[in-house]
> 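The structure that follows is given in the form of structure tokens.
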Amino acid sequence: MSASATDHPVLDLKEAGRDGAVAPDGVLLPDYDRDGLHAGIVHFGVGGFHRAHQAMYLDRLLRDPDTYAEASRWAICGVGVMPPDLRMRDALRDQHGLYTLVEKSPDGEQRVIVVGSIVDFRYAPDDPEAVIEKIADAGTRIVSLTVTEGGYNIHNVTGEFDPKNPKITAEVEAIGRGEAPTSVFGLVCEALRRRRDRGTGPLTIMSCDNIQGNGETAKGSFGGFARLLDAATGDDLAAWIDAEIPFPNSMVDRITPATTPDDIEALEREHHVRDAWPVVCEDFDQWVLEDHFVDGRPPYEKVGVQVVDDVMPYELMKLRLLNAGHQALGYFGYLSGHRYVNDAATDQPLATFVRAYMDEEATPTLRPVDEDLDAYKDTLLARFANSHVRDTVQRLCLEGSDRIPKFLLPVVREQLAEGGHGEVRRSAAVVASWARYCEGVDEQGEPIEINDRIADTLREYAGRQDEDELAFLRNSDLFGDLVDDERFTAPYLETLRSLKSVGAKETVRSLV
Ligand SMILES: NC(=O)c1ccc[n+]([C@@H]2O[C@H](COP(=O)([O-])OP(=O)(O)OC[C@H]3O[C@@H](n4cnc5c(N)ncnc54)[C@H](O)[C@@H]3O)[C@@H](O)[C@H]2O)c1
Ligand SMILES: O=P(O)(O)OC[C@@H](O)[C@@H](O)[C@H](O)[C@H](O)CO
């Protein structure tokens, strides 16, 4: 323990594992034997969300003496493959895998938990061979993923693994030359090859990303990558993966903004915990998981996870209401001058617009689901309005090229398909708000920072819309042939013109 500026003893998580470490008031330390944990899960993409969700559920299981023994074989070894993961490596290594989760309710209540379920972290470029061997080890029985929607190399229009992506083909060629794999696909495929050849047997690959059919998508991506490898090496790994590896689908939910320097300071000031990289999230959590595992799984159902046979209706509900709802709030919110999600969500015309999108356009495309949808939507708007979580509009506007096609355009396509109601006025308006945002200058003439892996392309298409109003929609990699459908382009143009002439606030008012 050291002292803070207020002379209150501070628990530094670097020291938390030592004998005599005392939890500050109101802070829950792991009260279980961490030396008895074995990593049975290798997780790629240890960011905010994994630490607020999957690792938290496992921590809950470990805290319960009735489930500790079973859960203790399922601790987590995190893996990062991207340069920003170096910071996570250092933070977790210094803190023995410990980090703080601060759960904030709409009324300002805070729950502060030091999570102990991550026991190891590897930054793959440091030692790819060690990562491969960790996955190939018989003690590893699940590989899980939160590598973002863009991490699956899915073509936006075909919805399939894109074998022509130059990064993918370059890695396959490099592996063919005997170089070490670098991506999640390369590392996992090599480990699976070793498991097959050594008779270790299969494991389960569990995606926890926000993608419709995330399990199916992961199966397509690993299978697609293995087929490219097979073509280069003459192996038949893809067939083994297809036959042996289960890829459960899941719906995952917990709003988790990126950690800010303020969050780190507030944790030390208010709760007397020094943590290099805590996580702040809302108090809500939900996980609906398909029970499709080859070599066991943690007893998640004992800590509130809904383990079901068919996840799809839950996924559609969440992606089309919450995530697409976030997109509806994000671009209009930014252009209206809001920088925090709670401010956008309490801007009444905008909230009414988002609710109308949910009711009139998304809800009719959902499948029957065992949830009270009206209550679910009410709760969503209340969650968006949680002012303590400090979720940023900028986070919602990240990587639109991964999100709009996966969250919103499926609603549009279903509405316009035979049997659909054809109701796309609000969805088209959201796409128009994105097109306006991608022009890169806000209504006050200030630059907008577009954080997207294809930001240049987006700016280029949006930059042409003064001469050609439909220019943005002509990016067929994102929109397919929507530009040719007047049922979509008419409301799209109406909103785009309105955004340019009267601005976002007036446009939203005219839409509700
Ligand atoms: N943040 C949330 O509210 C939330 C809620 C539900 C689901 N999710 C899912 O979790 C994902 C991650 O969210 P987060 O908030 O943890 O983000 P984050 O930025 O904190 O972490 C993302 C992690 O993914 C890794 N990653 C990114 N691209 C990758 C790639 N191509 N290959 C391998 N690793 C890659 C990053 O290195 C990082 O470790 C989201 O994209 C979403 O699918 C997030
Ligand atoms: O993180 P993404 O890219 O899937 O989407 C952005 C947000 O909609 C998302 O993070 C939500 O906050 C989350 O899905 C809530 O569970």
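Residues take their numbers from the sequence shown, with the count starting at 1. Because only heavy atoms are used, hydrogens play no part in the values below, and waters and symmetry mates are left out as well, while side chains stay in. All of these numbers come straight from a predicted model, not from anything done at the bench. Numbering of ligands and ligand atoms starts at 1, following listing order.
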> With heavy atoms under 4.0 Å as the rule, classify the contact between Asp253 and ligand 2 as side chain, backbone, both or neither.
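It is both backbone and side chain that touch ligand 2.
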
> Can you check whether Ser207's main-chain N or O pairs, donor with acceptor, with Asn214's side chain at less than 3.5 Å?
yes

> Classify the side-chain pair Ser221/Asn153 by whether it contains a donor and acceptor separated by less than 3.5 Å.
no

> Taking 4.0 angstrom as the limit and counting only heavy atoms of Lys318, give me the atoms of ligand 2 inside it, by number and element.
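Going through ligand 2 atom by atom, the ones under 4.0 Å from Lys318 are 13 (C), 14 (O), 15 (C), 16 (O).
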
> Polar-atom distance check: Arg254 versus ligand 2, any N or O pair below 3.5 Å?
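Between Arg254 and ligand 2 (N or O atoms, distance only) the closest approach is under 3.5 Å.
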
> Tell me: protein heavy atom nearest atom 10 (O) of ligand 2, and distance?
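Going by distance alone, atom 10 (O) of ligand 2 is nearest to Arg395 NH1, 2.8 Å.
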
> Give the residue, atom name and distance (to 0.1 Å) of the protein heavy atom nearest atom 2 (P) of ligand 2.
Glu149 OE1, 3.3 Å

> Identify whether the distance between the nearest side-chain nitrogen and carboxylate oxygen of Glu439 and Arg459 falls below 4.0 Å.
no

> Would you mind listing which atoms of ligand 2 come within a distance below 4.0 Å of any non-hydrogen atom of Phe407?
4 (O), 5 (O)

> Heavy-atom distances under 4.0 Å decide this one: backbone, side chain, both or neither, for Phe49 against ligand 2?
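Looking at Phe49 and ligand 2, no heavy atom falls under 4.0 Å.
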
> Going by the rule ring-ring contact (aromatic ring centres under 6.0 Å, His included), which residues pair with Trp277 if we only count those two or more places apart in sequence or in a different chain?
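Trp277 satisfies ring-ring contact (aromatic ring centres under 6.0 Å, His included) with no residue once adjacent residues are dropped.
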
> If you measure from the Lys or Arg side-chain nitrogens to the Asp or Glu carboxylate oxygens, is any gap between Asp120 and Arg122 under 4.0 Å?
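Salt bridge between Asp120 and Arg122, a charged N being under 4.0 Å from a carboxylate O: yes.
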
> With heavy atoms only and a cut-off of under 4.0 Å, state how Gln327 meets ligand 2: side chain, backbone, both or neither.
neither

> Just by distance, do the side chain of Thr363 and the backbone of Met358 share a donor-acceptor pair under 3.5 Å?
yes

> Is Lys406 salt-bridged to Glu149, going by a charged N under 4.0 Å from an acidic O?
no

> Go through the steps for Tyr314 and Asp370 under the test side chain to side chain donor-acceptor pair (under 3.5 Å), then give the verdict.
CA-CA 8 Å; Tyr314 294 92; Asp370 191 12; 4.6 Å; no

> Any donor-acceptor pair under 3.5 Å linking the side chain of His155 with the backbone of Asp477?
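No; zero donor-acceptor contacts below 3.5 Å.
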
> With a 4.0 Å cut-off on N to O distance, would you call Arg426 and Asp359 a salt bridge?
no

> Kindly tell me which protein residues have any non-hydrogen atom under 4.0 angstrom away from an atom of ligand 1, grouped by chain and ordered by number?
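Residue list for ligand 1: Gly45, Val46, Gly47, Gly48, Phe49, Val81, Met82, Asp85, Thr146, Val147, Thr148, Glu149, Gly151, Val184, Asp209, Asn210, Val252, Arg254, Ile255, Thr256, Arg395.
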
> Does the Asp209 side chain pair with the main chain of Thr148, one donor and one acceptor, at a distance under 3.5 Å?
yes

> Nearest protein heavy-atom contact for atom 8 (O) of ligand 2: which residue, which atom, what distance?
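Ranking protein heavy atoms by distance from atom 8 (O) of ligand 2, first comes His326 ND1, 2.7 Å.
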
> Provide, to 0.1 Å, the distance between atom 1 (O) of ligand 2 and the closest protein heavy atom, together with that atom's residue and name.
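Answer for atom 1 (O) of ligand 2: Arg403 NH2, 3.6 Å.
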
> Give me the residue, atom name and distance of the protein heavy atom closest to atom 4 (O) of ligand 2.
Asn210 ND2, 2.6 Å

> Tell me which part of Glu399 gets within contact of ligand 2: side chain, backbone, both or neither, using heavy atoms under 4.0 Å.
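It is neither; nothing of Glu399 touches ligand 2.
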
